[in-house]
Each structure stands twice: as structure tokens, then as C-alpha cells.
Amino acid sequence: MSELDAFREDTRQWLEANCPESMRTVGRREDMVAPGRNQKFPSDDARIWFERMRDKGWTCPEFPSEYGGGGLDAAKAKVLRQEMQRLKCRAPLSDLGISMLGPALLEFGSEAQKAEHIPRIVRGEIRWCQGYSEPGAGSDLASVQCRAEDKGDHYLVNGTKIWTSFATESDWIFCLVRTDPDAPKRDGISFLLIDMETPGISIAPIQLISGDSEFCQVFFEDVKVPKKNMVYEANKGWTVAKGLLKHERKMISELSQDFIGGTLTLRQAADEYLGYDKNGKLKEPGLRAAITRHEMNMRAIELTAYRAHLEGLAGEPDSRIPLIMKYVSTTEFQVKDELMTELLGYRGLGWDDAYFSEEELKSSRSLLFNKSLTIAGGTNEVQLNIIAKRALDLPES
Amino acid sequence: MALVLTDDQKMLQDAARDFIADASPVDEFRKLREAGKTRDPELWRQMAELGWSAVNIAEKYEGLQFGLTGLGLIVIEAGRHLVASPLSSTAAIGVSALNLGTSEDARQRLLPEIAAGQTLVAFAVDELNHHDPQYTSTRAKPDGSGGYLLDGRKVFVSGGGHADHYVVLARENGEPDGDFVLALVDAGAKGVDKTKVQLIDSRDYANLDFSEVAVSKDAVLADGSEAGAIVETLIDIAAIVTACELYGCALQSFEDTVRYLTERKQFGRAIGSFQALQHRAAHAFCQLQLLYSVILDALDAAETIRPGLALAASHAKALANDTTDLVTNEAIQMHGGIGVTDELNIGLYLKRARVLRNLFGNTSYHWRRFARLSGY
């Protein structure tokens, strides 16, 4: 038996023995386990599952073991993912620290920064949020104005960040700040880590059309940040940000509908809310055709993601494919929401009333909330700009 | 790993790309068209010499046994250069009919000839203006000794003008619910009447009338209760191969258009610098990438005849139709006035694509079929 086969065998046995039964089903949004100083668990099983995985470093399987990570190479990490998928194990912990900041710190961070932050990410002690966009810097992210002045032993931060997800519940924020206002705009940006408990920080949740308020605006007023919290070099923050954005876009395009929407599938909704004619066809021919198109598009997207994965394994990745995935998948997620809303009719339009089922309310919330998917992490228009430039080599507009 | 090409497949693809670009660029198709011809026998001789007529034929029938994915890759390249050849009608679809059929005699007789590039086959399937084999009414009357007598009319048979043999889809006794009969008919057989038809793509089509055409037992490729599955698989393969050619047409007209966007200047700058055009080009690029994945998956399904072939085929054909509509229309619009001239190749791709769209199922036909296969 090869070493990899042996690892698979051990992993399978360990997961069978250690993953609680209730953690082997598709989770809903509220079942996600987030880290943090005031960590709360949706259930005892979620806590047990998290603790067992944490102790093996498998909350972050590919992070180096010297920082508490799993220390797995790519091949073993893939085996772990496959075995977890086989048992339908939920992610034990979800956080921007794991999916975005951690990989960026490992690439760009100093030894001291890695030693300070990576183990706490692995152990779920810190919840991270992202301070990128500003009221005047959305698609044009490089025009950030939030200022960090060099005061000798610290930076003094003044300004504001917006669309920061879960800022009220987060412990630390990673920010793009302007350190050189006179340089060309991409050359004057730095990447700063800030403890949310630092005096001078205040947070205002933003109410969305869905009624949710997970997006916040964060205000900084004379916030003192130790100089050791600057990642990479001063005025080189754009390099870090670009590396990190790739992780973000990948994460958004991989969001499964199970997490961002309800668990109701279009087919189930069609069964329950629309019904079939005597030939077994969905009653509305127009909706039937629209659902068919959507299902074809989703299947094409899944096949393309799989093709990209296989091309990567074969050592010949097509660098153009990651550029298209966010655009095509988030656009199609929204098509699903619209179709679901049409299928449910009035029952898909409920707001907050005992008259509607949980699934129905989720559908209407999902329709509204998911409008942000084609905006956050780079709007569709920005994605198309990038494709035109990098995949098609079209001239600068 | 069906979605990634093997080294052998890549070599075949490269060889096809080089040969076709050199031996049969679009100018060659234009020459044929000017001369009023729909095929170039010398070109097919060369393609057969390269083994392309034999790609989908087993070794024991003197074929290369390379599989349908390999052939699909050649068809894509042929689509890029508008090659007028029996590649789809004979090497892919005709050969598949013989491979899937129950007549060993027909295989032994025809496959070596096809492999050598000496025999052409056309699949006579449609009877109406739209493809839908459900409405097959050509009558196959049992002759009492395992053969049939054929009566009926087939229309717009692709490759029908030059074919030496037809694979004809009929129904036992012509009854609406009768079993399918798939029959091999000699083009020169008594009772076969052929009328050539010109479509916008200047290729080879014919309408065929069959009047008491005798089909011997050995020429019956499928009948009885097993014919339904054989015919469905054959048509799925035909739809997938047609999707490959559509993809080739779309890909080349897209690449020609992107090049034009960087060359054409208006308002003192390349028109490809305008965001309105960039976004549409980028969107088309995304659709082409998605289509390519679906086509590779469908080719694998066709090669291995795996469960789910029907769904993969309808997906591939519907998406190929849709994407090629988008890309060829955008190609003309982005070229502007010159896009609607005969001088430019873009119009030739559009004309070919619209015919291919109707072959083996238009978009709504495959939407309906996909929905039915998915259970709604």
C-alpha cells in the first residue's frame, strides 16, 4: 500500500470514528461554525467536531504544522477533502482567516506575524473581517483613502471601510490603507492588521433589501496601530491585496447554493408549487424551458470547474478559467433565485409572517441577498474587464 | 480523465490543426463553392491517408480504433476552416451506425472500404422540416425472410448527394408506434430516387424517395425491440459530432472577431478598447469555455456509451446551438458593414452554423428532451 493509500485508510477510519452523525449532513447558513473570542456553537456536536478537527490541525489542513496547521501536502489535503465529501462532513470552521488572510500571511507575512496569527486562525480563536471597499472606492478599489500616517512607533489610522461582513462579531480586521497620498494610487497602499478592540473604532451595521445586516461600515478615528502589524512592505499592499482577491473570488464562485440559499431545489419546488400536466411536463412551458436552460448552464459550470481541476492535476492549468468562474457562477445563482421565486409565486414573496414556511422565507431572502453576489469581490463588470484584458488581450479602455 | 486530452489525442489535434490549415483553408471552400461543387475527392483521399476516415473503426476492420473523442477533435478543426468533407456524415455517423448495428456482414463489407476512404455513407433520418425521429413514418415492410421493403421520403440528407450507401431510419410497417428499422441501402438500388438540394451553406444535401426498395437481412442494422436504443445512441452521437463542428465554427469566428477588434480603428483608437465591445466579447469567451467542457464530456459519453449519454448529447447540442448563435451574430455585428459582405469569412460561418443548428435537433427540441430526460 502506498503512503497515500495508507493515509486515505487512516483518514477514513478517523473521520468515521470522530465526525458526529449530525455533522454529516448538508449544513444551512446558520449552522456554520465561526471562530472568535466569543465563539458560540450552533450545537454540541458542532463544538465536538470543531475541537477534534482543531486538535489535528485539520481546520487548516494545508497550513504548516509548525504553526499548528495540518501540514498536509496538496495530495494528502485532497484525500482529506475527498474523504470528508464521501461522508458529507461539514466544514468544522469557516472564516476569512482560513480562506483568505491565512494563505496571504503565509505568502507575504513576516515570521513574527505568522507566529502570532496563524496558530490563532487554526485554533479558531480569532474571527477576521475584511476592510477593503470604501464609500468612494468600490470597483475602483485602488482609490482607497483610509489614511495610515507613519508616527514613528505606530500608524495613526483615520477613515472608513464599508461592506465589511460581520464586523460587529469580528476580532481583527485586515485593511487596505493609504500610506503615501502622493504616490500613483496603487503604489501608496499598505496592508494593515488591526485589532477591533483598539480605541477609536466604531461600527454601523447596514440594513440590506433582504433585511439582513451582516454588512457593516467601520469607522476609524485616530486609531493607533503598532508598526509590526503591517504585512509585507509599506506601500506594497496592492501586491498582497491582489493575491488575496484571487482567493476571495474563488471562494465566492465556489459558494454552494446549500449555503447561500435554502435547501429547496428547483425540482422540489416545481413538484410542490407548480405541478405537471397529464404528459408529465411542468405546467408552464415557459418556466420549463427557463429551468432547463438554467440546469444546462449549471451543469456546464460544474463541468468547467471540474475540467479546470483536472487540468491543474495534469500540470497544465488554463489560467483563463479562474477569470471566468466568478462571473458565470454568481450570475447563474441569481437566475436560480429568480426561477425559484417564480415557481413559488406569492409564497416566494413572503417577508415575516407565520403564514410562510421556513423554506419559503429563505427563498425570498435569498433572492434579495444574492443580488450582492455579482457585486461583492469584484462586480460582473469588473470581472468582464479583467477577462477582456487578460484572456483576450484587448487594448486598455 | 475525460475532460483533459491524452497525449495521443493532443498529437492528433495538432496534426489535424496543421494539416487542415494548410490543405484546406477557407479559400478552398470558396473555390469549391464558385465551381458549384460540394466536395473535394482529392482532399478526402488525403484525409483518409492520414487515417481520419478510420479513426472510429476497430482494428479488425482495418481501422485505427482511436475513438470518438479523437474524431470529435478533428471535426472541431474542420469546423474552424469550413472543410467540406464526409468526416461527419461518413467517418463519424455512418461508421457509428455500422458499429452499433447488429449486422456483422455489413461491418465486414463496408468498414474496410470506409477506412480506405473509398466508400461514403449518409444517414437519412429527417422527414419533416425539423429533426424529430419520433415522427418517422418511412415504412419498412417485412419481406418474410428477415429483410424489408422500404417506402417513404427522407429530406435534407446531409452528404446524401455523394453517398454510396444510405443508413435509413424507418418504422416497421410505417406504424406510428412501430419499432424502428435501421436499414443500409445502396445508393444505386432499384427504387431509390435522389434530388439534390442547395442550402445556404453550399454543402451536399439530397432528398431521397424510396419506393419498394429491397433491404436484405444482412443490410438490416437494427430492428425489433432493440432498435430503439440503437437508434437513440446513433442520433446522440450524430448530435454530439454536429455540436463539435458548431463549436469549431464559433471558435474561429470568435478568434477572427477578437483580432478584428484589436486592428480596426475608429475615433482614433482600436474598437476593442471600447468597454461596450469588451464586455460582449468577454461574455462570449465565457460561453465558449463552458461549451468546450460540455463537448468534451459529451464526446467521452459517446466514446464509452455510458449511462447519461442522452442527457450529455442534448446538453451539448442545445448549448452548441445557443452559443454559436450568440458568437456568430456578435461576430457580424462587431465587424460592422464588412461583416455582411460575402468577401469576409464571418458570413460563411454563420451560414454553416444555421444549418448545423437544425441538423439533429434545434435548440428547443433539445431543451424539451433534456427536461424530459431529467423527469420534468
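Residue numbering restarts at 1 for every chain, and letters A, B, ... go by the order of the sequence lines.
Between Ser397(A) and Phe274(B), every side-chain heavy-atom pair lies at or beyond the 4.5 Å cut-off. Inter-residue side-chain proximity for Leu290(B) and Asn297(A) is flagged as unmet; no heavy-atom pair is nearer than 4.5 Å. In this structure, the side chains of Gln289(B) and Arg307(A) come closer than 4.5 Å at one or more pairs of heavy atoms.
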Would Trp367(B) and Arg288(A) satisfy side-chain contact (heavy atoms from CB on, under 4.5 Å), going step by step from the backbone distance to the final call? CA-CA 9 Å; Trp367(B) 282 353; Arg288(A) 182 175 186 245; over 6 Å; no
One pair to check against side-chain contact (heavy atoms from CB on, under 4.5 Å): Thr304(A) and Leu3(B). What are the steps and the verdict? CA-CA 9 Å; Thr304(A) 303; Leu3(B) 295 174; over 6 Å; no
Stepwise side-chain contact (heavy atoms from CB on, under 4.5 Å) check, Leu266(A) with Tyr376(B): CA-CA 11 Å; Leu266(A) 284 179; Tyr376(B) 57 87; over 6 Å; no
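Atom NZ of Lys265(B) has 12 or fewer neighbouring heavy atoms from other residues, nucleotides or ligands inside a 6.0 Å radius. Surrounding NZ of Lys76(A) are more than 12 heavy atoms belonging to other residues, nucleotides or ligands, all under 6.0 Å away. For Glu263(B), the CD atom is densely surrounded, since the number of other residues' heavy atoms within 6.0 Å is greater than 12. Within a 6.0 Å sphere centred on CD of Gln333(B), heavy atoms belonging to other residues, nucleotides or ligands number 12 at most. The number of heavy-atom neighbours closer than 6.0 Å to OH of Tyr276(A), taken from other residues, nucleotides and ligands shown, is above 12. The number of heavy atoms from other shown groups lying within 6.0 Å of CZ (Arg267(A)) is above 12. Atom CG of Asn129(B) sits in a sparse spot, with 12 or fewer heavy atoms from other residues, nucleotides or ligands closer than 6.0 Å. Enclosure of atom NZ in Lys371(A) by more than 12 non-hydrogen atoms of other residues, nucleotides or ligands within 6.0 angstrom is indicated.
A distance-only check finds a donor-acceptor pair linking the side chain of His315(B) to the backbone of Met296(A) [under 3.5 Å]. Formation of a donor-acceptor pair under 3.5 Å by the Glu295(A) side chain with backbone atoms of Phe370(B) is not found in this model.
Among Ile301(A), Asn385(A), Ile386(A), the residue making the largest number of heavy-atom pairs under 4.5 Å with chain B is Asn385(A). Options Val328(A), Ile387(A), Leu394(A) differ in how many heavy-atom pairs under 4.5 Å they form with chain B, and the most are formed by Leu394(A). Put simply, of Asp271(A), Ile324(A), Asp318(A), Thr331(A), the one with the most heavy-atom pairs under 4.5 Å next to chain B is Ile324(A). Of the listed residues (Lys281(A), Glu381(A), Glu311(A)), the greatest number of heavy-atom pairs within a distance under 4.5 Å of chain B belongs to Glu381(A).
For chain A, no part of Ser364(B) is nearby; none of its heavy atoms comes within less than 4.5 Å. Interface remark: Leu296(B) contributes side-chain atoms only to the contact with chain A (heavy atom separation under 4.5 Å). If you measure heavy-atom distances from Ala391(A) to chain B, the contacts under 4.5 Å come from the side chain alone. Within the 4.5 angstrom heavy-atom criterion, no atom of Leu323(A) approaches chain B. When heavy atoms are compared at a cutoff of 4.5 Å, Ala312(B) approaches chain A by way of both its backbone and its side chain. Interface residue Tyr306(A): backbone and side-chain heavy atoms are both found under 4.5 Å from chain B.
The pair Glu396(A)-Arg269(B) does not count as a salt bridge, with every side-chain nitrogen at least 4.0 angstrom from each carboxylate oxygen.
Counting all heavy atoms, side chain and backbone alike, Asp393(A) lies closest to Thr262(B) at O-CG2, 4.3 Å. A pairwise comparison of heavy atoms in Ala388(A) and Ala282(B) identifies N-CB, 4.1 Å as the closest pair. Of all the heavy atoms in Leu310(A) and Val4(B), the pair that sits closest is CB-CG2, 3.4 Å. The shortest non-hydrogen separation linking Ala300(A) to Ser293(B) is O-CB, 4.4 Å.
Side-chain contact check for His279(B) and Asn380(A): no donor-acceptor pair (N or O, by modelled atom type) lies under 3.5 Å.
Taken to the nearest 0.5 Å, the CD1 atom of Ile321(A) stands 9.5 Å off from the OH atom of Tyr292(B).
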